[in-house]
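Notes for the one structure printed next.
Keep in mind that the numbers below use all heavy atoms, side chains included, and drop hydrogens, waters and symmetry copies. The structure presented is a predicted model; accordingly, all values stated were derived computationally and were not measured. In what follows, every chain begins at residue 1, and chains take the letters A, B, ... in the order their sequences are listed.
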Amino acid sequence: MLRTHNCGELRLTHINTSVTICGWVQRTRDIGHLIFADIRDKYGITQITAIEGTSKPEIQEQLRKLGRETVVKIIGKVSERSSKNPNIPTGDIEILVEEIEILNTSKVPPFLIEDETDGGDELRMEYRYLDLRRNPVRKNIELRHQMNRATRQFLDDLGFIDIETPVLIKSTPEGARDFVVPSRMNQGEFYALPQSPQTFKQILMVAGFDRYYQIVKCFRDEDLRADRQPEFTQIDCEMSFITQEDILNTFEGLIRHLFSQVKKYELPEVPRMTYDDAMRFYGSDKPDTRFEMKFVELNELTKGKSFLVFEEAELIVGICATNCASYTRKQIDELTDFIKRPQIGAKGLVYVRCELDGTFKSSVDKFYSSEDLQKIATKMNAKAGDLLLILSGESHKVRKQLSELRLEMGNKLGLRDKNKFAALWVLDFPLLEYSEEDNRFYAMHHPFTAPKPEDEILLQDEKRWGDIRANAYDMVINGTEVGGGSIRIYQRPLQEKMLGILGFSPEEAKAQFGFLMEAFEFGAPPHGGIAFGFDRLCSIFGGADSIRDFIAFPKNNSGRDMMIKSPSPIAQAQLDELSLNITKK
RNA sequence: GGAGUGGUAGUUCAGUUGGUUAGAACGCCUGCCUGUCACGCAGGAGGUCGUGGGUUCGAGCCCCAUCCAUUCCGCCA
C-alpha cells in the first residue's frame with residue numbers, strides 16, 4: 001500500500017504518529033506564512049499544513065503550487081489543530097507535511113468537484129469520472145450497491161437462486177421496440193437484446209428450478225424520459241407452485257427488507273387496491289398514496305341544473321383541497337392554465353370555495369344554489385376553509401386530467417415529502433387493452449399473463465375480452481410503478497388461445513413462441529413472478545427524481561453516452577462483413 | 001411523430017425598444033496576508049453570443065432554416 005491511512009480516519013488519537021496518505025487535492029488555502037491543503041479520497045478529507053519556520057521552504061513552495069485534483073502522496077506527522085473544524089470528522093487534526101510526492105498532475109476540471117457543483121448535466125456526463133468523485137453521486141452509487149446486496153441476501157435466504165439468461169436472443173413483435181444485433185455467422189439475421197428475461201425464467205420454472213432471481217440488464221428501444229434509460233436493470237424473479245398471494249407476501253417482504261436494511265425505515269404492511277378502484281379514486285394505475293385527496297364523483301348532485309357543460313359530461317368528478325379556500329383568483333387561474341396545457345388537455349376548471357363563514361363561492365353560482373353547493377361539499381367531505389376542484393368530460397380522460405391536478409395540488413401543498421414512503425399493491429389489472437388505432441387487443445401486461453380463473457370463461461366471448469381481469473399486480477411507491485408481475489399461463493391450449501386473441505396466426509405463434517408452448521407440454525408447473533425496476537427503486541430510496549445519478553454511466557435523453565460518444569458509425573469493412581448497407585434518409 | 005423551454009467567458013447565468021468597448025458570480029493566473037477550512041484583499045487573462053441564411057444604416061436581441069440539450073405528450077407488453 002502506498003498509504004498508511006485513508007483521508008477519513010485520522011483522529012486526535014493519532015497525534016504525533018507519522019502517517020502517509022494519498023488522495024486528490026480538493027483545494028489549497030494560502031495564508032502567506034501558513035499554507036493549507038485539503039486532501040480528498042472516498043473516505044473523507046484531511047487537512048495538510050505547512051508552517052513557515054517549521055516546515056522546509058521547499059515543502060511550502062510545493063504545497064503552494066498544488067492545483068485542484070492533483071494526486072499526491074503526503075508523508076507527515078499528525079498534529080492537533082490550534083483552530084478546529086467541527087464540521088468534518090477529521091477536523092481536530094491536520095498533517096504537518098514532511099514530504100510531498102506528486103503521483104499525477106491534473107488539468108483544471110471543467111466543473112467544480114464539490115457537493116454543490118456548477119456543472120450542467122451534459123458536462124457531468126461527458127466527464128463522468130469527475131462527477132463520480134463528488135460525494136452525492138458516489139453515495140448514490142454506494143446506495144445502489146447496498147440495495148443490490150440486501151436484495152441478494154433476502155432472496156438467497158428464501159432459496160432463490162441466481163441464474164444468468166442470454167443477452168443475445170430473438171426479436172418479438174409484441175411489446176417495446178427491440179434493440180437488434182446483426183449476426184455475422186448467419187448473414188441477414190439478427191439477434192435482439194432482451195426487453196426482459198421473461199420467457200427464459202418461465203422455461204427455468206418448467207425445468208424445475210422453482211425459485212429464480214436475477215439482477216439483470218434489460219433493453220428497450222423507446223423514447224426516453226428523465227426516469228427511463230435504454231438499458232436499465234431489473235430485479236427479476238419467478239416462483240413455481242404458488243398463488244398470487246404467495247408472490248405478494250414474498251415480495252412485500254423484499255421491499256420491507258430493503259427499507260429496513262438500507263433506509264432503517266420500517267415500512268408498514270403494504271395496502272392493496274384493485275385497478276378499478278385506483279382508476280376511480282385516483283385516476284391512475286399508480287396512485288401516490290402519501291396523501292388522500294380522493295376523487296368524489298358528483299354526477300347525481302350536478303346533473304339537471306341546466307349547466308350545459310355538466311349536462312353534456314359523461315363524468316363530473318372533483319377533489320377537495322384542504323384549507324385552500326383562501327386561494328386567490330390568480331392562483332385558481334394558474335390551476336386552470338395548468339389543466340388546460342396541451343399535455344393535460346382539460347377544457348376548464350370549476351371551483352367551489354367553502355368559506356370560513358359557511359357560505360360558498362363558486363364559478364358556477366349562476367346554476368347552483370347554496371343548498372346545492374352544500375350537498376356537494378358534504379359529499380366531498382369538505383370543511384369550511386376547503387377548496388373543491390371539479391372537472392368534467394369523458395370518463396377516462398377526465399380521470400387522467402384530475403389525477404394530474406391532484407398531483408399538482410399535492411406538490412403545492414407539500415404533501416409529496418421525499419422522506420415519506422407509501423407503498424401500494426395495485427391488483428386485478430385488465431388482461432387485455434383495446435387499441436382503437438390498430439383495431440385489436442393488446443396484452444396489458446404481456447402475452448403470458450393468466451386470466452383470473454373466474455374470468456377465463458369470458459375468453460369465449462369476443463365482446464367481453466375487455467372485461468377480463470388478470471392475475472396481474474403492480475407495486476407502487478410514492479406514485480411510481482416500481483415493479484409488476486403476474487401469474488403465468490402454463491398450459492398450451494390457453495397460451496395458444498391468448499396468442500390468437502393478440503392476432504398471432506397459429507404459424508406465427510409457433511414461430512415466435514413454439515419453444516415455450518412445447519415446454520408447456522412437458523409438465524410445466526403453475527408459476528408466476530415479478531420484476532422490479534432496480535434503478536427506480538434506488539432513486540426512490542435516494543430521494544431523487546432522476547434515475548441517472550444512480551447509474552454509474554448513464555445515457556442522455558437521446559440515448560447517447562456522452563463520455564464514450566456512442567452510438568457511433570462503424571467501418572465499411574464491418575458493415576461488409578455483416579452484409580449491411582446503410583441507406584441515408 | 002408532436003408541443004414547450006434553452007444554447008452568451010472554463011462553468012452557472014444576466015444582457016433594457018435593435019444602437020458606444022457584451023457583464024456578474026464562481027473557477028483560473030499573479031501578488032499580498034501567521035490558523036484558514038466557501039479564507040480574505042488587490043490586480044489580471046479569458047467571448048466565432050450553437051451553426052447557416054435573411055431583414056436593417058446597425059443584430060446577442062427580429063425573421064427563416066438547421067443542429068444540440070432538456071421537459072412533457074405519443075411510445076415504453
Practice problem: May I ask you to check if Arg440(A) and Tyr442(A) form a cation-pi contact, with NZ or CZ under 6.0 angstrom from the six-membered ring centre and within 45° of the axis? | Solution: yes

For RNA chain B, find the residues of [range] with a heavy-atom distance under 4.0 Å and give them by number; none if there aren't any.
range	value
residues 466-490 of chain A	none
residues 212-238 of chain A	Arg220(A), Glu222(A), Asp223(A), Arg225(A), Ala226(A), Arg228(A)
residues 32-41 of chain A	Gly32(A), His33(A), Leu34(A), Phe36(A)
residues 57-96 of chain A	Arg68(A), Arg81(A), Ser82(A), Ser83(A), Lys84(A), Asn85(A), Glu94(A)
residues 24-31 of chain A	Arg27(A), Arg29(A), Asp30(A), Ile31(A)

In the strands shown, is [N] matched to any nucleotide by a Watson-Crick or G-U wobble pair with both distances under 3.5 Å, and which?
N	result
U70(B)	G4(B)
A24(B)	U12(B)
U56(B)	none
U17(B)	none
U34(B)	none
A45(B)	none

Think [X] has a side-chain N or O under 4.0 angstrom from the OP1 or OP2 of [N]?
X	N	answer
Lys107(A)	G27(B)	no
Arg341(A)	G2(B)	no
Ser558(A)	C68(B)	no

Quiz item: Could you state the CD1-P distance from Ile51(A) to C33(B), rounded to the nearest angstrom?
Solution: 17 Å

Practice problem: At under 4.0 Å between heavy atoms, which parts of nucleotides 43-51 of chain B does protein reach? Answer with one letter per nucleotide, 5' to 3': B base, S sugar-phosphate only, - none. | Solution: ---------

Under 3.5 Å, side-chain donor or acceptor atoms of residues 333-342 of chain A against the rest of the protein: list the pairs with distances, not counting sequence neighbours.
from: Asp333(A); atom 1: OD1; to: Arg329(A); atom 2: NE; distance (Å): 3.2
from: Thr336(A); atom 1: OG1; to: Ile332(A); atom 2: O; distance (Å): 2.9

Assess the side chains of [X] and [Y]: does a donor N or O sit below 3.5 Å from an acceptor N or O?
X	Y	result
Gln62(A)	Glu58(A)	no
Tyr282(A)	Asp288(A)	no
Gln234(A)	Ser196(A)	no

Base, sugar-phosphate, or nothing: which does [X] touch, judged by heavy atoms less than 4.0 Å apart?
X	value
Gln47(A)	base
Pro447(A)	base
Gly345(A)	nothing

Identify the heavy atoms of [X] and [Y] that sit nearest to each other, and give their distance.
X	Y	result
Ile15(A)	Ser79(A)	CG1-C, 4.1 Å
Ser486(A)	Thr449(A)	OG-OG1, 3.2 Å
Cys22(A)	Asp41(A)	O-OD2, 3.9 Å

Not counting sequence neighbours, which residues clear salt bridge (Lys or Arg N to Asp or Glu O under 4.0 Å) with [X]? List them please.
X	answer
Asp131(A)	Arg124(A), Arg128(A), Arg134(A)
Arg488(A)	Glu238(A)
Arg81(A)	none

Quiz prompt | Qualifying residues under side-chain hydrogen bond (donor to acceptor under 3.5 Å, both in side chains), relative to Tyr434(A), sequence neighbours excluded | solution =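 With neighbours one apart ignored, the set is Asn439(A).
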
Practice problem: Report the residues that fulfil side-chain contact (heavy atoms from CB on, under 4.5 Å) with Lys497(A), sequence neighbours left out, ordered by chain and then residue number. | Solution: Leu459(A), Ile501(A)

Quiz item: Which nucleotide, C26(B), C68(B), U71(B), lies nearest any side-chain atom of Glu122(A)?
Solution: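 Between C26(B), C68(B), U71(B), the one nearest the side chain of Glu122(A) would be C68(B).
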
